[in-house]
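Source: prediction; values computed, not measured. We count residues from 1, following the sequence as given. Remember, it's 1-based here, ligands and their atoms both numbered in the order they're listed.
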Amino acid sequence: MSDRIDSFVEFIRGLYGGSESIPLHAPCFVGNEKRYLIECVDSTFVSSVGPFVDRFERMMEEITGAKHAVAATNGTSALHMALILAGVRPGDEVITQALSFVATANAIAYQQAHPVFVDVDLRTGGMSSSALEAFLQERCEIADGHCQNKRTGRRIAAVVPMHVFGHPVDIEAIVSVCEHWRIPVVEDAAESLGSHARGRHTGTFGMLGAFSFNGNKTVTCGGGGCIVTNDPALAKRAKHLTTTAKVPHRWEFQHDEVGYNYRLPNINAALACAQLEMLEAFVANKRTTASMYRDYCSRAGVRFLDEPADCRSNFWLCAILAADRDERNQFLERGNAKGVMMRPAWKLLNSLPAFSGCETDALENSRWLEDRLVNVPSSVRVELLKDLPRGLEA
Ligand SMILES: *Cc1c(COP(=O)(O)O)cnc(C)c1O
C-alpha cells in the first residue's frame, strides 16, 4: 500500500519538475498582468471605479454567455449579493450541500437565513438532485404559493448547488426540481470558471451565479468576485446594491437604501482582465494535466475523480479517492512529508461549530467522500504554456 503511495508521489514530482515543494495551486502571471497594472497605476484610477472594472464585466459576459456580469470584491460577497437578489430574507431556509467550502454557508448566514445541508452525488461531488428532491418531497410543502419546511414552518428561499473543484454539478436536474417547487437557484460557481455542462457555462443555469477570483482559483486577481444573471433588473439591482446604493448624481450623496461596499477596485480588475485573457489556455493546460493523472491512476489502480458525462470541467483541483480514511491519511502524510502538497476534502459544513445545529439529510455520499478524497497539485504547468498562441496584444 505504501509503495503505491510513494510511486504516486514520485509521479507528481515528475509532473511538476524537481522543485522542493509543490503547491496545490499556485497563481500564474505570464500575460498582460504587469502591463495592465502599470496602466492602472499611471491612470491614478486604482479604486472602485475605472475602465478595467467595465472591461472585466464585459469579458465575464462574453466568457460565461450570461447577459449581465457585475463585479464584486470577492466570491463570498458575490454569493451574499446573489442570495439577497434571489429574495433570501432573515429567518428563511436555504438548501445547499454539506460538502463545500465554508463561504457557501457563510453567505447564507450573513443573510440571517438557516442553511440546510443535503447530500452530494458521487459522480460530481456536488449536490445530488435526487437527494434534493427527496428532501423536498419528504419534508416540505407548497403553502401560500411558496415552498416551506413542514417541521419548522420556514420558507425555503433558495437552493445553492456548488460545482466542486470545477466539475459541473447535475445542474439541469436541480433547476428542474426547483422549478417544480418554485425555488430560485443560486449557483456557487466560485470554482468553476471555464467549466461547461452540455456546452453551457456553469453559473448561468440558475437565477444567479457567483464566481471567485481568489488567489488559489483557476484565474486570480488577488481577491475578486463576479455575479452573473440573464435578468436585466437583477443585474441593475446588483450594481446598485454592491456600490453603496448610491443614486447617480454629480455631487450629491444620495443613497436610497442600505447598500454594500462590494465594489471591485479597478486595480484588481486590471489583474483580472489580464488573467481572463489566459483562461482558455489555462483550462486547456489543466485538462492536459488531468488526463495525465487519469492515465496514471488507471494504470496504478487509484480512483480519479473525473469530469461528469456531457461536461467540460476546468479541473481546478484534481482529486483522487483513497480506499478508506486510513489510506487517505497515508496519502496526506506521505505526500506532504515529501513536499507534495495534498489536502483532504473540506470538513462537512454541518460539523463546523457555526452550522452544527443545521438540518441535514443522511449525507451518506458526503461522508463517504470526506473519508476518501485527496486533492493533489493542480497548478497550470507554465513550461507547457510557452509555445501556445495566447492571443495577447502586442
Ligand atoms: C473560493 C470559494 C468561495 C469564496 O470565494 P472568495 O473569493 O474566497 O470569497 C465560495 N465558495 C466556494 C465553493 C469557493 O471555493
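Contact atoms of ligand 1 toward Ala103: 3 (C), 4 (C), 10 (C) (distance under 4.0 Å to a heavy atom of the residue). Numbered from 1 in the order shown, with element, the atoms of ligand 1 that lie under 4.0 Å from a heavy atom of Ala190 read 2 (C), 3 (C), 10 (C), 11 (N), 12 (C), 14 (C). Listed by atom number, the atoms of ligand 1 under 4.0 Å from Asn74 heavy atoms are 7 (O), 9 (O).
Between Gly75 and ligand 1, an N or O atom pair is found at a separation short of 3.5 Å. Annotation: Ser100 places no N or O atom under 3.5 Å from an N or O atom of ligand 1; distance criterion only. Checked by distance only, ligand 1 and Ser212 come closer than 3.5 Å through their nitrogen or oxygen atoms. An N or O contact shorter than 3.5 Å links Asp188 to ligand 1 by distance.
For Ser313, the side chain to side chain donor-acceptor pair (under 3.5 Å) partners at least two apart in sequence or on another chain are His167.
Counting only non-hydrogen atoms, the option in Gln97, Lys217, Met162 that gets closest to atom 14 (C) of ligand 1 is Lys217.
Among all protein heavy atoms, the one lying closest to atom 15 (O) of ligand 1 is Glu191 OE2, 2.5 Å. Looking only at protein heavy atoms, the nearest one to atom 9 (O) of ligand 1 is Thr76 OG1, 2.5 Å.
In this pair, Trp346 and Phe101 present their aromatic rings tilted. The plane angle is within the 30 to 60° band.
Contact record, His80 with Gln111: NE2-OE1, 2.9 Å, taken as the closest heavy-atom pair.
Cation-pi geometry between Arg299 and Phe11 is not met at under 6.0 angstrom from the ring centre and within 45 degrees of the axis.
Between Arg139 and Glu359, at least one side-chain nitrogen of the basic residue sits less than 4.0 Å from a carboxylate oxygen of the acidic one, meeting the salt-bridge criterion. For the pair Glu61 and Arg58, the salt-bridge criterion is met [side-chain N within less than 4.0 Å of a carboxylate O].
Under the 3.5 Å distance criterion, with hydrogens and angles disregarded, a donor-acceptor pair is assigned to the side chains of His240 and Asp256.
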